[in-house]
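Just so it is clear, the structure is predicted and the values come from calculations on it, not from any experiment. Just so it is clear, the values below take in all heavy atoms, side chains as well, and ignore hydrogens, waters and symmetry mates.
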Amino acid sequence: MARITASVYTSHVPAIGAAMDLGKTQEDYWKPLFAGYDFSRQWMKDHKPDVIFLVYNDHATAFSLDLIPTFAIGTAAQYQPADEGWGPRPVPVVQGHPELASHIAQSVIQQDFDLTIVNKMEVDHGLTVPLSLMCGEQHPQTGAWPCPVIPFAVNVVQYPVPSGRRCFQLGQAIRRAVESYDEDLNVHIWGTGGMSHQLQGARAGLINREWDNAWLGQLINDPAACSEVPHIDYVREAGSEGIELVMWLIARGAMADVAGGPAPKVAHRFYHVPASNTAVGHLILEN
């Protein structure tokens, strides 16, 4: 059967992608951030998955305010990088895994989670920046991502957004779906977005190091309690965009210890500020 062997968590700040695309990674401002992913890139080479299930949020590219699904799973064969206003990022087309994606959709919907099936969509920085951070620069024509990717978009832009508890439960359903797939596949599940940041209003530029790091520790050691953090706490402590962290709970819910298995191994933990007025968090857990 297929199995989830690891979960990866990372921020997906658009300026990080721009820094990579414009060759600025070794500049004084950016160098400390990218150094935090040196371990991760080697880890990806040493632990290459067959499929990545990547949880992220769309930023008004695949979906607009006219139509925003709460949970949407990509079942297409491939996904073009989106033009977010300054042209598509110069990265390879993302190859999908329609068979596993369709199986997960079938299983999760039968577990009473209402997913939107997306057979065609473009993917923005929410998905491509984590791939670039973990896999390194890839030429759009001659390069390739290391494996197929299943995009899973979560609405954390337009309220109401799903609760941390619901996301945590969804991760458990995804693990059960993966384990019921009748092919020997090594699957990674990634939760992206966050950490503390606010892009507008009187608190624009808010970063809360203490809260971010306490939340990371709770995510590792007591994910069930972490899933009970109410929305207002994210907004108050981590800023209006800090609510993106509920997507990390989907990946955490898919880990073996939540179903009674052993605690995961913390392979890597990293935190850095600032990155375009945003806190960057990163974590790798191994089953």
Side-chain angles (χ1 to χ4, degrees), residues 9-14 53-75 82 84 104-105 107-118 121-127 130 150-175 177 189-204 206 208 211-212 215-216 218-219 223-254 258 278-279 281:
Y9 311 80
T10 183
S11 302
H12 59 215
V13 185
F53 187 96
L54 202 155
V55 183
Y56 74 109
N57 65 288
D58 177 74
H59 301 80
T61 52
F63 310 109
S64 72
L65 294 182
D66 294 334
L67 176 64
I68 307 178
T70 301
F71 301 117
I73 186 168
T75 55
E84 300 182 62
I104 291 173
S107 175
V108 169
I109 289 171
Q110 289 300 310
Q111 294 179 68
D112 301 328
F113 286 88
D114 299 323
L115 306 186
T116 298
I117 311 300
V118 186
M121 71 173 169
E122 295 181 343
V123 290
D124 65 18
H125 71 269
L127 184 136
I150 298 173
F152 192 86
V154 179
N155 170 38
V156 288
V157 174
Q158 174 71 54
Y159 274 80
V161 304
S163 67
R165 182 190 307 113
R166 187 66 169 164
C167 290
F168 189 58
Q169 293 169 344
L170 176 56
Q172 297 169 57
I174 291 168
R175 178 191 53 77
I189 183 166
W190 294 13
T192 73
M195 295 193 81
S196 62
H197 63 300
Q198 180 153 327
L199 302 180
Q200 70 288 310
R203 297 200 306 163
L206 179 148
N208 190 337
W211 192 89
D212 284 344
W215 190 90
L216 273 175
Q218 188 177 50
L219 181 73
C226 195
S227 74
E228 297 296 331
V229 174
H231 282 170
I232 190 62
D233 284 13
Y234 289 99
V235 176
R236 181 191 302 114
E237 302 295 340
S240 55
E241 278 70 46
I243 193 62
E244 291 179 355
L245 285 168
V246 297
M247 296 188 290
W248 295 32
L249 286 159
I250 296 177
R252 187 64 181 89
V258 177
T278 300

Ignoring hydrogens and geometry, is there a side-chain-to-backbone donor-acceptor pair from Ser11 to Val13 under 3.5 Å?
no
Atom CG of Leu54 and atom CG of Leu127: how far apart are they, to the nearest 0.5 Å?
4.5 Å
List the steps, then state whether side chain to side chain contact (heavy atoms under 4.5 Å, CB included) holds for Leu219 with Leu249.
CA-CA 8 Å; Leu219 181 73; Leu249 286 159; 3.8 Å; yes
Which pairs with one or both residues in residues 156-173 pass salt bridge (Lys or Arg N to Asp or Glu O under 4.0 Å), sequence neighbours excluded?
Arg165-Glu228
Are the side chains of Gln172 and Gln111 in contact, using a 4.5 Å heavy-atom criterion?
no
Residues that Ala202 engages under side chain to side chain contact (heavy atoms under 4.5 Å, CB included), provided they are two or more places apart:
none
For Thr10, what residues pass the side chain to side chain contact (heavy atoms under 4.5 Å, CB included) criterion, not counting sequence neighbours?
Tyr37, Pro130, Leu133, Thr192, His282
To the nearest 0.5 Å, tell me how far Ile73 CD1 sits from Thr116 OG1.
10.5 Å
Considering all heavy atoms, the nearest Ile104-Ala177 contact
CA-CB, 4.0 Å
Kindly indicate, with the supporting measurements, whether the criterion side chain to side chain contact (heavy atoms under 4.5 Å, CB included) is fulfilled by Phe152 and Ile250.
CA-CA 10 Å; Phe152 192 86; Ile250 296 177; 4.2 Å; yes
Only residue of Asp124, Thr278, Asn57 satisfying side-chain contact (heavy atoms from CB on, under 4.5 Å) with His12 is Asn57
Return the set of residues passing side-chain hydrogen bond (donor to acceptor under 3.5 Å, both in side chains) with Gln198 (not counting sequence neighbours), or none when no residue passes.
Arg203
For the student: nearest non-hydrogen atoms of Leu115 and Ala105, plus distance:
CD1-CA, 4.1 Å
Salt bridge (Lys or Arg N to Asp or Glu O under 4.0 Å) contacts touching residues 54-64 (sequence neighbours left out):
none
Qualifying residues under side-chain hydrogen bond (donor to acceptor under 3.5 Å, both in side chains), relative to Gln110, sequence neighbours excluded:
none
Taking every heavy atom of Glu241 against every heavy atom of Leu199, the minimum-distance pair comes out as OE1-N, 2.9 Å
Do the non-hydrogen side-chain atoms of Gln218 and Val229 ever get within less than 4.5 Å of each other?
yes
Between Phe113 and Ile174, does a side chain to side chain contact (heavy atoms under 4.5 Å, CB included) hold up when you go through it step by step?
CA-CA 10 Å; Phe113 286 88; Ile174 291 168; over 6 Å; no
Over 60° means perpendicular and under 30° means parallel, so tell me whether Trp211 and Tyr234 are parallel, tilted or perpendicular.
perpendicular
According to ring-ring contact (aromatic ring centres under 6.0 Å, His included), who are the partners of Tyr56, at least two apart in sequence or on a separate chain?
none
Going by atom types only, do Glu84 and His125 share a side-chain donor-acceptor pair under 3.5 Å?
yes
Main chain of Ile68, side chain of Gln158: is a donor-acceptor contact present, judged purely on distance under 3.5 Å?
no
Residues forming a side chain to side chain contact (heavy atoms under 4.5 Å, CB included) with Ala279, sequence neighbours excluded
Met195, Ser196, Ile207, Asp212, Tyr271, Val273
Mind checking the CD1-CD1 spacing from Ile117 to Ile109? Nearest 0.5 Å is all I need.
4.0 Å
Walk me through it: do Tyr9 and Leu216 pass the test side chain to side chain contact (heavy atoms under 4.5 Å, CB included)?
CA-CA 10 Å; Tyr9 311 80; Leu216 273 175; 6.0 Å; no
For residues Met121 and Pro151, determine if any side-chain heavy atom of one lies less than 4.5 Å from a side-chain heavy atom of the other.
yes
Could I get the full list of side-chain hydrogen bond (donor to acceptor under 3.5 Å, both in side chains) partners for Asn155, not counting sequence neighbours?
none
Side chain to side chain contact (heavy atoms under 4.5 Å, CB included) partners for Ala224, two or more places apart
Phe168, Asp222
Taking only residues two or more places apart in sequence or in another chain, which ones pass ring-ring contact (aromatic ring centres under 6.0 Å, His included) with His231?
none
Can you give me the closest heavy-atom contact between Ala254 and Ile189, atom names plus distance?
CB-CD1, 3.8 Å
Taking side-chain hydrogen bond (donor to acceptor under 3.5 Å, both in side chains) as the test, write out the residues that go with Glu122, two or more places apart.
none
